**Q** 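Sharing a structure here in structure tokens format.
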Amino acid sequence: MTDQQQSPGVDDLPEQMRVRREKRARLLAEGTEPYPVQLPRTHSLRQVREAYPDLAPDATTGDVVAVAGRVLFVRNSGKLCFTTLREGDGTELQVMLSRDKVGEEALAAWKADVDLGDHVFIRGEVITSRRGELSILADEWRMAAKALRPLPVSHKPLAEETRVRQRYVDLIMRGQARDMVRSRAGVVRSLRESFHQRGFLEVETPMLQTMHGGATARPFVTHSNAFDIDLYLRIAPELYLKRCVVGGIEKVFEINRNFRNEGSDSTHSPEFAMLEFYEAYATYDTNAVMTRELVQEAAESVFGTQVVTLHDGTEYDLSGEWTTLSMYESLSEALGEEATPETPVELLRKHAQRVGAELDPKLGHGKLIEELWEHLVSGQLHAPTFVRDFPVETSPLTRQHRSIPGVAEKWDLYIRGFELATGYSELVDPVVERERLTEQARLGAAGDDEAMQLDEDFLRALEYGMPPSGGVGMGIDRLLMAMTGLGMRETILFPLVKPE
RNA sequence: GGGGCGUUAGCUCAAUUGGUAGAGCUGCGGACUUUUAAUCCGUAGGUUCUGGGUUCGAGCCCCAGGCGCCCUACCA
């Protein structure tokens, strides 16, 4: 009664939710706690399974255990009830409640009070059923937590939107959703271990930044009331990690969130997890090797193999050395005509027309090269491939190539057709960096809202001397995509969705 | 951003040409001491996403909007 007063509209609820609320109220009225604070559990379901791996059918053990889990299936008959419980790691265990053992009253209460989805506590003997199913024959049961909402049907796939909006339900219903959480945690853990083995230090740099830089992307803007200034949610940690290297943290990494105020699809999310690492005296050659090792070690650690099995059942080989391509050479090959850093913009536009790429006429040489390359080459790349030596003008934080003019020491790592990581020999000359950032600021003033701002403090740091260094950025969500074949919204536990 | 498709019971989905909105599972009532998505009998469950319009009559046609998905463009 009081419940109905406390939650007005209870009569308007769908029947199944109303019934469950009434059961909760009845339990309380009978003096039974539907949400007890503690239960004398002695074993996890997994522990029971592991302790009795191969009992014969119809066996008894004399061993009494107390367990708890969520009710997934109920098979009630007159005097003997079966239920299947599941706990957090996905382990399932059958429970049998017989009138002879648990008593008529408790059995009736079981049938009257328990719904699919409830958490229950069971104490009883470990046995096997006649069919050989490992079971607990209850001599006592208690409600552990009453569920007020019905679970979706277990043998039909949940609508994708519901899976994303109500990930908790997805996690209850779908083992693959739980697997992803564990795989992701394993990958992140493996990355950290790989870094620690190599003597890298993990740092956390600002997510709220006063300057917009470190990548070319549109930022989210927010406001600090206390400081009365607008702040940017970071699009990259790069400029702060470089400050670390200047300061003598010569092997440094960060795994954290970036925010980009841009579109979202199966390979893009407004907030995404990013790994960046910087190493003094490394180059884009050595950090490519390390990037490959990080990925291979993560695959080995989480899946036990470098040949991972994707969602669709196909295998994907991450092992061994990876292919390396030159951007200009591979583009020249695809065009059938040589493209170099000297190729004039007009000619590149003609190429674009010829191959059917619709490109913004305002694009300069560097952007045209990258767009043409993406149009003609990137889609062909299935096996892991490092694409090297990008146009200088689109790589404002990258060192000029040591011998090839007009080209930057930068690679992008492509896996299954999408970009997984990027690596540079870092530009550390503060004078050249000032020129590049001044040009970026000019682009910004001209309306390019992806252009970086001129970060005087970053330049000041470089002026104190940054050792020659290599740096890498890798998307964690995309790494999971690469190793599972799933879309980005499956690798992110709670991706951004518009309010219902 | 542009185009297409979808939105119906707790869940997954039907509904012919515009003519009483159905099924399976779930729920509720009953039977059943070895089930595995238990089975059997009975039964309930709807603001058809929202707002407007056309029509004797709209889940269906028209207009506007919300949310989602696909294609397309862009960023990692």
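Keep in mind the model is a prediction, meaning the values are calculated, not measured. A note on names: the letters A, B, ... follow the listed sequences, proteins ahead of strands, and every chain is numbered from 1.
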**Q** Should A:R257 and A:E271 count as an ion pair when the cut-off is N to O under 4.0 Å?
**A** yes
**Q** Identify, with sequence neighbours excluded, every residue that meets salt bridge (charged side-chain N to carboxylate O under 4.0 Å, His left out) alongside A:K242.
**A** A:E238, A:E426
**Q** A:L158 has a side chain; which of B:rA44, B:rU12, B:rC75 sits nearest to it?
**A** B:rU12
**Q** Just grab all the salt bridge (Lys or Arg N to Asp or Glu O under 4.0 Å) pairs involving residues 376-392 of chain A, residues at least two apart or on different chains.
**A** A:D285-A:R388
**Q** P atom, B:rG53 versus B:rA58: distance in rounded Å?
**A** 12 Å
**Q** Can you pull out the residues from residues 93-110 of chain A that lie within a 4.0 Å heavy-atom distance of RNA chain B?
**A** A:Q94, A:M96, A:D100
**Q** Going by the rule salt bridge (charged side-chain N to carboxylate O under 4.0 Å, His left out), which residues pair with A:E104 if we only count those two or more places apart in sequence or in a different chain?
**A** none
**Q** Say we look at B:rU35 and B:rG68: how far apart would their P atoms be, to the nearest angstrom?
**A** 46 Å
**Q** Roughly how many Å is it from CZ in A:R163 to P in B:rC69, rounded to a whole number?
**A** 11 Å
**Q** With both distances kept under 3.5 Å, what pairs with B:rG24, Watson-Crick or G-U wobble?
**A** B:rC11
**Q** For a quick check of understanding: with a heavy-atom distance under 4.0 Å over all strands, which category does A:D265 fall into, base, sugar-phosphate or nothing?
**A** base
**Q** To the nearest Å, how far apart are A:R18 CZ and B:rG46 P?
**A** 10 Å
**Q** Give the rounded distance in Å between these two atoms: CE of A:M17 and C1' of B:rC11.
**A** 13 Å
**Q** Might you confirm whether atom NZ of A:K350 has over 12 heavy atoms from other residues, nucleotides or ligands at distances under 6.0 Å?
**A** no
**Q** If the C1' atom of B:rU16 is compared with that of B:rC60, how far apart are they to the nearest Å?
**A** 11 Å
**Q** Who are the side-chain contact (heavy atoms from CB on, under 4.5 Å) partners of A:E133, not counting sequence neighbours?
**A** A:R49, A:Q94, A:S129, A:S135
**Q** Applying ring pair (Phe, Tyr, Trp, His ring centres under 6.0 Å), can you list everything that pairs with A:Y414, at least two apart in sequence or on another chain?
**A** A:W373
**Q** When the C1' atoms of B:rC71 and B:rG42 are compared, how many Å lie between them, rounded to an integer?
**A** 50 Å
**Q** Which base sits across from B:rC61 as a Watson-Crick or G-U pair, both distances under 3.5 Å?
**A** B:rG53
**Q** Please list, in numerical order, the residues of residues 164-179 of chain A that have a heavy atom closer than 4.0 Å to any atom of RNA chain B.
**A** A:R165
**Q** In chain order, what residues pass the salt bridge (charged side-chain N to carboxylate O under 4.0 Å, His left out) check against A:D54, with sequence neighbours excluded?
**A** none
**Q** Under 4.0 Å from any atom of RNA chain B, heavy atoms only: list the residues of residues 366-373 of chain A that qualify, in numerical order.
**A** A:K367, A:E371
**Q** Would you call A:E393 and A:R436 a salt bridge, taking side-chain N to carboxylate O under 4.0 Å as the test?
**A** no
**Q** Using a distance-only criterion (donor-acceptor N/O pair, under 3.5 Å, no hydrogens), is the base of B:rC25 paired with the side chain of A:H155?
**A** no
**Q** Would you mind telling me which of B:rC25, B:rC75, B:rC67 lies closest to the side-chain atoms of A:E161?
**A** B:rC67
**Q** From the set B:rG10, B:rA37, B:rU36, return the single nucleotide nearest to any side-chain atom of A:P14.
**A** B:rG10
**Q** Can you tell me, in whole Å, how much space there is between the C1' of B:rC5 and that of B:rC75?
**A** 26 Å
**Q** If pairing requires Watson-Crick or G-U wobble contacts with both distances under 3.5 Å, which nucleotide is the partner of B:rU39?
**A** B:rA31
**Q** According to the Watson-Crick and G-U wobble definitions, with both distances under 3.5 Å, which nucleotide is paired to B:rC5?
**A** B:rG68
**Q** Testing the 3.5 Å rule here: is there a donor-acceptor pair between the side chains of A:R234 and A:T205?
**A** yes
**Q** Closest approach to the side chain of A:R489, judged atom by atom: which nucleotide of B:rC69, B:rU36, B:rC75 is it?
**A** B:rC69
**Q** Could you tell me which nucleotide pairs with B:rU16 by Watson-Crick or G-U wobble geometry, both distances under 3.5 Å, or answer none if nothing does?
**A** none
**Q** Output the rounded distance in Å from CD (A:E92) to P (B:rA37).
**A** 10 Å
**Q** Distance between the P atoms of B:rU8 and B:rU47, in whole angstroms?
**A** 12 Å
**Q** Of all residues at least two apart in sequence or in a different chain, which pass the ring pair (Phe, Tyr, Trp, His ring centres under 6.0 Å) check with A:F195?
**A** A:F200, A:F253, A:F277
**Q** Regarding A:R26 and A:D113, does a basic nitrogen lie under 4.0 Å from an acidic carboxylate oxygen?
**A** yes
**Q** Say you pick atom P in B:rA23 and the same atom in B:rG45; how far apart are they, in whole Å?
**A** 12 Å
**Q** Are any non-hydrogen side-chain atoms of A:R86 and A:L93 less than 4.5 angstrom apart?
**A** no
**Q** Is the number of heavy atoms from other residues, nucleotides or ligands under 6.0 Å of A:R165 CZ greater than 12?
**A** yes
**Q** With P as the reference atom in both, quote the distance from B:rU12 to B:rC69 in angstrom, rounded to an integer.
**A** 15 Å
**Q** State which of B:rC69, B:rG27, B:rC75 makes the closest approach to the side chain of A:E262.
**A** B:rC75
**Q** Looking only at the side chain of A:S129 (C-beta and beyond, no hydrogens), which of the listed nucleotides B:rG10, B:rU34, B:rC69 gets closest?
**A** B:rU34
**Q** Would you please say whether a donor-acceptor pair under 3.5 Å links the side chains of A:T91 and A:D89?
**A** yes
**Q** From the options B:rU35, B:rC75, B:rU12, select the nucleotide whose nearest atom is closest to the side chain of A:E133.
**A** B:rU35
**Q** Look at all strands and tell whether A:A421 reaches a base, only sugar-phosphate, or nothing, counting heavy atoms closer than 4.0 Å.
**A** nothing
**Q** I'd like to check the side-chain contact (heavy atoms from CB on, under 4.5 Å) partners of A:K156; sequence neighbours left out, ordered by chain and number.
**A** A:V153
**Q** Rounded to whole Å, how long is the line connecting atom CD1 of A:I127 with atom P of B:rU34?
**A** 13 Å
**Q** Looking at A:K498, I'd like to know whether one of its side-chain N or O atoms comes within less than 4.0 Å of OP1 or OP2 on B:rC67.
**A** yes
**Q** In whole Å, I'd like the distance from the CZ atom of A:F418 to the P atom of B:rC74.
**A** 19 Å
**Q** For RNA chain B, determine which residues of residues 73-84 of chain A have any heavy atom closer than 4.0 angstrom to one of its atoms, and list them numerically.
**A** A:F73, A:V74, A:R75, A:N76, A:S77, A:G78, A:K79, A:L80, A:F82
